[in-house]
Amino acid sequence: MHLIIGNQNYSSWSMRPWVAMTYFGIPFKETKLELDTAAFVEEISQHSSAGTVPVLITENGTATDSLSILETLADSYPTMWPSDPALKIMARNAVSYMHSGFFALRGEMSMNCRANQRLLVITLACRSDIDKVEALWAECMSTAAKAGQNQGYLLGEFSIADAFFAPVVVRLRGYKVAVNAATQSYMDTILGTPAVMAWIAAGLAETTILQEDEVGYD
């Protein structure tokens, strides 16, 4: 399989399938395209009419969205979702919520692996999104614990849900955001996950600066 991604420092959408495929040991070829360049527009148009990353090219067709990619992969790698039916539903609900919500958080707190506790004016709308994320994470982990699944991830063992929220963890680490103890514990678990660490390291190694994604100050 061939995964096409954007800059690892900035591309939250690309991070999701890359981290999941790396965590679950799914072999893939990687192509990284520089965002916001003429070359990006030309190259991505060869693979996707949507004109966005990530893109996964498989022998059966091309998936052109992070959720589509991960659902496609889960057909062949079902352990990417929790095995418990109730936890699987909750994982899918959480992923759908992330995929279609939290617009203030995503808009104001740019994904940036280089950012580490930068100061940022957090609006009420963004704080509301953060509170909702914390509540969702707490609900997931509480439900998993009641089902006897308490490995530090959202629904027990690492799943697509954790891959989907990994960029949020990077954001919360990147800016000086007050979070509760349970949230911090989950963040520490994600940030200590080798696949996430590998993504962040690759992002830190990049030299490209996208000024529109450089928010906050040290």
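Cluster membership for Val169 and Leu204, using ILVMFWY side-chain heavy atoms within less than 4.5 angstrom, is shared. Residues Leu155 and Tyr23 share a single hydrophobic cluster, defined by chaining ILVMFWY side chains whose heavy atoms lie under 4.5 Å apart. Grouping the Ile, Leu, Val, Met, Phe, Trp and Tyr side chains by contacts below 4.5 angstrom, directly or via other members, places Ile4 apart from Val19. Note on Leu35: it does not cluster hydrophobically with Ile200, by side-chain heavy-atom contacts below 4.5 Å among ILVMFWY residues. Under the 4.5 Å side-chain contact rule for hydrophobic residues, Phe40 and Leu56 do not share a cluster.
Proximity of a side-chain donor or acceptor of Ser48 to a complementary backbone N or O of Ile44 within less than 3.5 Å is not detected. Here the side chain of Ser45 pairs a donor or acceptor atom with the backbone of Glu42 at under 3.5 angstrom. Judged by distance alone, the side chain of Asp84 and the main-chain N or O of Ala86 form a donor-acceptor pair under 3.5 Å. Between the side chain of Asp162 and the backbone N or O of Leu154, at least one donor-acceptor pair lies under 3.5 Å. Of the possible polar contacts, one joining the Glu206 side chain to the Asn9 backbone as a donor-acceptor pair under 3.5 Å is found. Between the side chain of Ser100 and the backbone N or O of Ser96, at least one donor-acceptor pair lies under 3.5 Å. Of the possible polar contacts, none joining the Ser11 side chain to the Asn7 backbone as a donor-acceptor pair under 3.5 Å is found. Looking at Arg173, its side chain does come within 3.5 Å of a backbone N or O of Cys113 through a donor-acceptor pair. Thr58 contributes a side-chain N or O that, together with a main-chain N or O of Asn60, makes up a donor-acceptor pair within less than 3.5 Å. Checking side-chain atoms of Thr193 against main-chain N and O of Val196 turns up no donor-acceptor pair under 3.5 Å.
In this structure, Thr79 has no side-chain hydrogen bond (donor to acceptor under 3.5 Å, both in side chains) partners at least two apart in sequence or on a different chain. Legend: residues meeting side-chain hydrogen bond (donor to acceptor under 3.5 Å, both in side chains) with Glu214, ordered by chain and number and at least two apart, are Tyr10, Asn112, Arg118. Taking the side-chain hydrogen bond (donor to acceptor under 3.5 Å, both in side chains) definition, one finds that Asn180 meets it with Glu134, Thr183, sequence neighbours left out. In terms of the salt bridge (Lys or Arg N to Asp or Glu O under 4.0 Å) criterion, Glu30 has no residue partners (sequence neighbours excluded).
Considering CD of Glu34 and CG of Leu210, their distance stands at 7.5 Å, rounded to 0.5 Å. Atom NZ of Lys32 is separated from atom OG of Ser14 by 9.5 Å, given to the nearest 0.5 angstrom. For the atom pair CG of Asp131 and CG of Leu105, the computed distance is 10.5 Å after rounding to the nearest 0.5 Å. With values rounded to the nearest 0.5 angstrom, Ile160 atom CD1 is found 7.5 Å from Leu73 atom CG. Rounding to the nearest 0.5 angstrom, the gap separating the OG atom in Ser83 from the CD atom in Glu157 is 7.5 Å. The structure places CE of Met98 at 5.0 Å from CZ of Arg16, a figure rounded to the nearest 0.5 Å.
Shown here for Arg127 and Ala178, the closest heavy-atom pair between the two residues is NH1-O, 2.9 Å. Nearest approach of Thr72 to Ala63, heavy atoms of both residues: OG1-CB, 4.1 Å. Between Ala20 and Met80 the shortest heavy-atom distance is CB-CE, 3.8 Å.
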- prompt: Checking side-chain contact (heavy atoms from CB on, under 4.5 Å) for the pair Lys176/Leu120: CA distance, chi angles, key distance, verdict?
  reply: CA-CA 7 Å; Lys176 201 170 182 64; Leu120 181 69; over 6 Å; no
message: Could you walk me through whether Met21 and Met1 satisfy the side-chain contact (heavy atoms from CB on, under 4.5 Å) test, starting with their C-alpha distance in whole Å, then the side-chain angles of each, then the deciding distance to 0.1 Å, before giving a yes or no?
response: CA-CA 10 Å; Met21 295 176 78; Met1 287 184 284; 4.2 Å; yes
message: Checking Val55 against His2 for the side-chain contact (heavy atoms from CB on, under 4.5 Å) test, could you report, in this order, the C-alpha distance in whole Å, the side-chain angles of both residues, the deciding distance, and whether it holds?
response: CA-CA 8 Å; Val55 171; His2 183 187; over 6 Å; no
- prompt: Does the side-chain contact (heavy atoms from CB on, under 4.5 Å) test come out yes or no for Val177 and Ile130, once each step is laid out?
  reply: CA-CA 9 Å; Val177 178; Ile130 294 167; 3.7 Å; yes
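Met111 has its side chain within reach of Val170: a pair of non-hydrogen atoms, C-beta onward, lies under 4.5 Å apart. You'll find the side chain of Gln117 stays beyond 4.5 Å of the side chain of Tyr175, heavy atoms only. Side-chain contact check for Gln184 versus Thr189: every heavy-atom pair is 4.5 Å or farther apart. Using a 4.5 Å heavy-atom threshold, the side chains of Met109 and Leu172 count as touching. The closest side-chain heavy-atom distance from Pro54 to Ile69 is below 4.5 Å. Between Tyr153 and Ile190 there is a side-chain heavy-atom pair separated by less than 4.5 Å. The side-chain heavy atoms of Thr62 and Thr64, taken from C-beta on, include a pair separated by under 4.5 Å. Between Arg92 and Glu71, some side-chain heavy-atom pair lies under the 4.5 Å cut-off.
Sorted by first and then second residue, the ring pair (Phe, Tyr, Trp, His ring centres under 6.0 Å) pairs involving residues 179-215 (not counting sequence neighbours) are Trp18-Trp199, Trp137-Tyr186. Here ring pair (Phe, Tyr, Trp, His ring centres under 6.0 Å) pairs that include residues 55-83, with residues two or more places apart or in two chains, number zero.
The number of heavy atoms from other shown groups lying within 6.0 Å of CG (Leu124) does not exceed 12.
Of the candidates Val53, Asp65, Thr52, Ile5, Asp65 is the only one forming a side chain to side chain contact (heavy atoms under 4.5 Å, CB included) with Trp13.
Classified by interplanar angle (parallel below 30°, tilted 30° to 60°, perpendicular above 60°), the ring pair His99/Phe164 is tilted.
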